[in-house]
Amino acid sequence: MSPSSRASIPRGAVRSFGARVLDNSEVKKDTYVLRFFPLAETLPPRPGQFYMVGVGTGLEPLLKRPFCMFDHEEGRVHILYRVRGRGTELLRRVRPGETLAVLGPLGNAYPLPPRGKTPVVAAGGTAIASVFPLIKHLKGKAAVIYGARTVEEMVMMEELEGIARRLVLCTEDGTCGSAAMVPGMLDEFGLGPEHFLYVCGPRGMARAVLRLAAERSVKGVVSLEEFMACGIGACMGCAVRTPGGYRRVCKEGPVFKLDGVVL
Amino acid sequence: MNTAVSIGKLRLKNPVMTASGTFGYGEEYAEFYDLGRLGAVVMKGISLRPMQGNPAPRIWETPCGMLNAIGLQNVGLKSFLKEKLPFIRQFDTAAVANVLGSTPAEYVKLARALDEAGLDGIELNVSCPNVSRGGMAFCANTRMLGSLVGKVRAAVKGATLIVKLSPSAPDIKAAARAAEDAGAEAVSLINTLPGMAMDLEKRRPVLGNVVGGLSGPAIKPVALRMVWEAAGAVSVPVIGMGGIMNARDALEFILAGARAVAVGTANFVTPTAAVDVVEGIESYMRDKGIEDINDLVGGLLVDNPDH
């Protein structure tokens, strides 16, 4: 994006928009990719950013849901989600042609790896959606350690194979790749100070990975999820503990330095 | 067409305010529209010293509402005056500070400092359910409430003094009267209703603080009733809030007796919600040929108005 195109978007009214649904397809059991086209001029999303998506038309459910940008092409935004609760169940029923109320892109983005450091991505479960555009952006430079509980929860393996420098897969039940968990695989991989680590996954996984990174003096970032109401920094609902007090996942994050959060 | 209303010494260009705690210090929403379109911006509660707030999870969605247990995380008085107030002052809207202390002396100190800093309004938060000291405790007892308001009253010279009441007050009419008798120039209500939610599988509460405050459309009928009762009990203006999602909701509060309304949780759902309410009220007035918004205040037609 050129600076002039950014400047052409007026301050105000840029991030709250209606979005036309282009497609909402199941890519794996209970896991869907929804593609939408913003009906207003918006900023192109950067890897790591997210959208708040309205999943109903009335007051129930009330709040929009946060979904990270999974992919982006020619103005179309893709999000990947697993059906888990009321909101995602409603989202599953959305059909092409419908219009959704959306806010975004929101939050900060993944930084590029510092010069001389090799990017390593550790992802767990559907959190692969957050790091997928980053891996794509890094154009074959990133090593990816991707794990889930079972193969049924693994998505985009072929695509990852094509865009990762090296892909290490693992599942807790051994149905895909090694029967192991991401922190163990990262240990085996030989994580070291020459790497720059990107982490996104369940809180338990992230906590274990952060511990390993600290032991190995590895720098990097972690993307966090938290319940949020507004997505723009007003409600203070999505606070995460940091060494300097609580910070908002939606505003100061969702991407934080590894040593910048207390999980 | 006149949409201006008076709240104590404050003259608002229209009756739409924001509810404290739902609008930050205005910065986030200024990205979406000119805050000068609002009658007033009521900012997030301020305490003397910065507060860290409660552990996560802090929010939980409920049917047609949400629970929050933020715990009044805020930057504290000093940073508010230095870093936050100048921002809101750029806009042609009334700036109202919401203040919280754990002792009357803290409320007085805060209110005096904010009054001297030129705030247009000071809203005493005696109704937050999410802090263990202060907050709601002051609203539970009319004598304590009257004493607190009286002390703050003596310290505030220029700003309009508003007292925000809790729906948990044993008698909302008595609480409103106590605030008025002690010198409040307006009462605002309601704050959130204390509630809780749990995870049945884990047998654990979902909020880090266990209990939180319920807001959103789920509480609107309760809020309307309490505004109706308070408006009948006091002669100072009542500011109504609780589940206002659109102009129709706001107009219902005005008919129930609110001279102004505050939009809260709706800001989270739609960032332009408050200004949408302003425009909706204007459109309603045009459609119905209503010349003055004040003509609608308390205009509910009831067979038995003796309440």
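Numbered from 1 within each chain, the chains take letters A, B, ... in sequence-line order. Note that the coordinates shown come from a computational prediction; the quantities given were computed from them, not determined experimentally. In what follows, every heavy atom counts, from backbone to side chain, and hydrogens, waters and symmetry copies are set aside.
A heavy-atom distance below 4.5 Å is found between the side chains of B:S188 and B:M241.
When each of B:A56, B:C64, B:G24 is checked for heavy-atom pairs under 4.5 Å with chain A, B:C64 comes out on top. Your options are A:C238, A:G87, A:C235, and the one with the most heavy-atom pairs under 4.5 Å with chain B is A:C235. Options A:R241, A:K251, A:R65 differ in how many heavy-atom pairs under 4.5 Å they form with chain B, and the most are formed by A:R65. Taking B:P63, B:G26, B:G53 one by one and counting their heavy-atom pairs under 4.5 Å with chain A, the maximum is reached by B:P63.
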Could you list the donor-acceptor pairs under 3.5 angstrom formed between side-chain atoms of residues 263-271 of chain B and any protein atom two or more places apart in sequence or on another chain?
| residue | atom | partner | partner atom | Å |
| --- | --- | --- | --- | --- |
| B:T265 | OG1 | B:S215 | OG | 2.7 |
| B:N267 | ND2 | B:T22 | OG1 | 3.4 |
| B:N267 | ND2 | B:V263 | O | 2.9 |
| B:N267 | ND2 | B:G264 | O | 3.0 |

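For B:P50, no part sits under 4.5 Å from any heavy atom of chain A, backbone or side chain.
Taking the six-membered ring where the residue is Trp, A:Y198 and A:Y110 present perpendicular rings, their angle passing 60° and hence far from 30°. Ring geometry, A:F17 versus A:F36: the interplanar angle falls from 30° to 60°, so the pair is classed tilted.
Ion pairing between B:R37 and B:E279 holds under the 4.0 Å rule for side-chain N and carboxylate O.
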